[in-house]
Number of protein chains: 2
Amino acid sequence: MSDVPEPALEAVPIDVVLAALADPVRLRFVRALDAAGDWVCGSDALRETGVTIGKSTLSYHVKALREAGLIRTRVQGTRRLVTLRYEELGQRFPGLLDLIRDR
Amino acid sequence: MSDVPEPALEAVPIDVVLAALADPVRLRFVRALDAAGDWVCGSDALRETGVTIGKSTLSYHVKALREAGLIRTRVQGTRRLVTLRYEELGQRFPGLLDLIRDR
DNA sequence: CGTACCGTTCGATCTGCATCGAACATTCTC
DNA sequence: GAGAATGTTCGATGCAGATCGAACGGTACG
């Protein structure tokens, strides 16, 4: 179980969220997570995006997204599963996820 | 009306908008424009933010915001008046302006 | 136990962006 | 027409962020 520590969304300013979403790799990654809609292995989600980056870079981006309050990370064996924080995001930043969905 | 050319909002991807808003100076500037709620001189809006940057830097940011479809620029004498593109933004990116309003 | 797998951390590097100052353009005013 | 005010453009610079590879740390599984 043991989740990776994450910030309370109330403590996250919109500035940080916008900065997190401004990176093209992270934006595509978040969209992939949204398409998955549930807990998913980060490497798998990355593969969906078609973007190829090193694993250290992915780790860097996942950390950025977690600290921006966008995703949650759970340890499962040798893997890390991630998911969007749908409920909390909907409360704190209503409409945010709708904005980044395909249009 | 709007003398300075601006993109059609349909042609602007959300990526560009997010990148435009990710800069702290531009975000504060947009908030100042939103507080004004109407055509306003960019230099005056900047003064409201309390941020002090050179005029060339302001020009650079205004251009970025315009090309991101967020603001409209009108020439009035020796000045440039700017305003948020409220109606179009509300249609193309509903909830976007609400997100960046104080919370 | 040893090995393969998945991920993090760290240092180095490189690129893009924000910033500035100087020069130029435009318009208003006297 | 001269000068002041506002703003744009351009070249140079500095810095933060994205990227990589190497080394390390757990965990599953033979």
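Below, read A as the first sequence line, B as the second, and so on, with proteins coming before strands; counting in each chain starts at 1.
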Would one find a side-chain N or O of A:T57 under 4.0 angstrom from OP1 or OP2 of D:dC20? yes

Are the charged groups of B:E88 and B:R72 less than 4.0 angstrom apart, N to O? yes

Is the distance from OP1 or OP2 of C:dC17 to the nearest side-chain N or O of B:H61 less than 4.0 Å? no

Mind running side chain to side chain contact (heavy atoms under 4.5 Å, CB included) on A:T49 and A:V25 for me, showing each step along the way? CA-CA 8 Å; A:T49 68; A:V25 172; over 6 Å; no

Give a yes/no answer on whether the side chain of B:R79 brings an N or O atom under 4.0 Å of OP1 or OP2 in D:dT6. yes

Separation of C:dT15 P from A:D23 CG (nearest whole Å): 17 Å

Tell me the interatomic distance from B:L81, atom CG, to C:dT27, atom P, rounded to whole angstroms. 14 Å

Roughly how many Å is it from CD1 in B:I53 to P in D:dG7, rounded to a whole number? 12 Å

Ignoring hydrogens and angles, does a donor from either the side chain of B:T78 or the base of D:dG7 sit under 3.5 Å from an acceptor on the other? no

Here the pair of heavy atoms bringing A:L33 nearest to A:A45 is CD2-CB, 3.7 Å

When rounded to whole Å, the CZ to C1' distance for the pair A:R74 and C:dG7 reads 17 Å

d(CG, B:L46; P, D:dT8) in whole Å: 13 Å

Salt bridge B:D44-B:R47, side-chain N to carboxylate O under 4.0 Å: yes

So what does A:L58 hit on the nucleic acid, given a heavy-atom distance under 4.0 Å: a base, only sugar-phosphate, or nothing? nothing

Kindly say if B:S59 contacts the phosphate of D:dT9, meaning a side-chain N or O under 4.0 Å from OP1 or OP2. no

Taking CD from A:E67 and C1' from D:dG17, how many angstroms apart are they, rounded to a whole number? 14 Å

Compare the minimum distances between each of C:dC10, D:dA18, C:dG7 and the side chain of A:Y60, then state the nucleotide with the smallest one. D:dA18

Roughly, in whole Å, what's the span from CG in A:D15 to P in D:dG17? 13 Å

For A:R31 and A:I100, indicate whether the former's side chain and the latter's backbone hold a donor-acceptor pair under 3.5 Å. yes

Under 4.0 Å: is that the gap between some side-chain N or O of A:R26 and OP1 or OP2 of D:dA18? yes

Atom CG of A:L27 to atom P of D:dA18: distance rounded to whole Å? 13 Å

Base, sugar-phosphate, or nothing for B:V62, non-hydrogen atoms under 4.0 angstrom? nothing

At under 4.0 Å, does any side-chain N or O of B:S56 touch on OP1 or OP2 of C:dT19? no

